[in-house]
Amino acid sequence: MDDEEFQFNESRNGMQKVAFVAIYDALTYRDMGMDIDVQDIVSSLLDRPYEECDYFVKASLVMAIKHLDEAIAAFNAKMRGWTFDRRNRVEQAILLLAYVHFFYVEPEVDKAVVINIALTRAHEYLADKEYRFVNAVLDNVLVHAA
């Protein structure tokens, strides 16, 4: 990702991008065996004290870390021939953000909205046609129990 992509605006779309990058950063730290400092990640991305940062960004990152194992298990159960850890980190961040957005950050949000947001990120950051995989997996995983 180039520097231009790290200049976020304050819109909802801008905060969704920040949440995506924050989760990507946390996954990177995890893969490197490093401690994940939520406050440092969020405040450095938004260039302000953590207390002044957007709720959606903070909640998304905290829930992604807290529910990572659960999310990975849910994705693995629906990926035929793949596992979450075999997907690239960008795709992992997109999937994980959608998962926590739907189940924990805004559980009243419509599934189609969450998938549309994920597909927007997929079109921005993944190779052509990889968005289809994201769409199929999310469609199967983002289901509220009856």
Shared hydrophobic cluster, [X] / [Y] (ILVMFWY, side-chain heavy atoms < 4.5 Å):
{"X": "Val113", "Y": "Tyr104", "answer": "yes"}
{"X": "Leu96", "Y": "Trp82", "answer": "yes"}
{"X": "Tyr50", "Y": "Met15", "answer": "yes"}

Any side-chain to backbone donor/acceptor pair from [X] onto [Y]? Under 3.5 Å, distance only.
{"X": "Lys111", "Y": "Val143", "value": "no"}
{"X": "Ser44", "Y": "Ile41", "value": "yes"}
{"X": "Asp47", "Y": "Ser43", "value": "no"}
{"X": "Gln16", "Y": "Ile117", "value": "no"}
{"X": "Glu91", "Y": "Val134", "value": "no"}

Could you measure the distance from the [atom1] atom of [X] to the [atom2] atom of [Y]? Nearest 0.5 Å is fine.
{"X": "Tyr24", "Y": "Ile94", "atom1": "OH", "atom2": "CD1", "value": "11.0 Å"}
{"X": "Asp110", "Y": "Asn116", "atom1": "CG", "atom2": "CG", "value": "10.5 Å"}
{"X": "Thr120", "Y": "Tyr125", "atom1": "OG1", "atom2": "OH", "value": "10.5 Å"}
{"X": "Leu45", "Y": "Asp25", "atom1": "CG", "atom2": "CG", "value": "5.5 Å"}
{"X": "Ile72", "Y": "Met79", "atom1": "CD1", "atom2": "CE", "value": "9.5 Å"}
{"X": "His101", "Y": "Phe56", "atom1": "NE2", "atom2": "CZ", "value": "4.5 Å"}

Contact summary for [X] and [Y], nearest pair of heavy atoms:
{"X": "Asp54", "Y": "Leu46", "value": "N-CD1, 4.0 Å"}
{"X": "Ile23", "Y": "Ser60", "value": "CD1-O, 4.0 Å"}
{"X": "Ala136", "Y": "Asn140", "value": "O-ND2, 3.0 Å"}
{"X": "Phe75", "Y": "Leu95", "value": "CZ-O, 3.3 Å"}
{"X": "Leu61", "Y": "Ala26", "value": "CD1-CB, 3.7 Å"}
{"X": "Ala74", "Y": "Val141", "value": "O-CG2, 3.7 Å"}

- Task: Take the angle between the ring planes of Phe103 and His144 and call it parallel below 30°, perpendicular above 60°, tilted in between.
- Result: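 Phe103 vs His144 ring planes: perpendicular.
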- Query: When you look at Val38 and Lys58, which way does the side-chain contact (heavy atoms from CB on, under 4.5 Å) test go after all the steps?
  - Reply: CA-CA 8 Å; Val38 170; Lys58 294 188 290 190; 5.8 Å; no
- Item | Within 45° cone and under 6.0 Å: Arg121 NZ/CZ vs Tyr131 ring |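 Judged by the rule, Arg121 and Tyr131 form no cation-pi pair.
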- Message: What verdict does the side-chain contact (heavy atoms from CB on, under 4.5 Å) test give for Leu27 and Leu68, after you've listed the backbone C-alpha separation in whole Å, the side-chain angles of each residue and the deciding distance to 0.1 Å?
- Response: CA-CA 10 Å; Leu27 290 171; Leu68 181 61; 4.2 Å; yes
Hey, does [Y] have a side-chain heavy atom less than 4.5 Å from the side chain of [X]?
{"X": "Asn88", "Y": "Gln92", "answer": "no"}
{"X": "Val137", "Y": "Phe84", "answer": "no"}
{"X": "His67", "Y": "Asp69", "answer": "no"}

- Item | Verdict with supporting geometry, Tyr29 and Asp35, side-chain contact (heavy atoms from CB on, under 4.5 Å) | CA-CA 7 Å; Tyr29 290 134; Asp35 291 335; over 6 Å; no
- Item | salt bridge (charged side-chain N to carboxylate O under 4.0 Å, His left out) against Asp85, all qualifying residues, sequence neighbours excluded |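 Result, salt bridge (charged side-chain N to carboxylate O under 4.0 Å, His left out) vs Asp85: Arg30.
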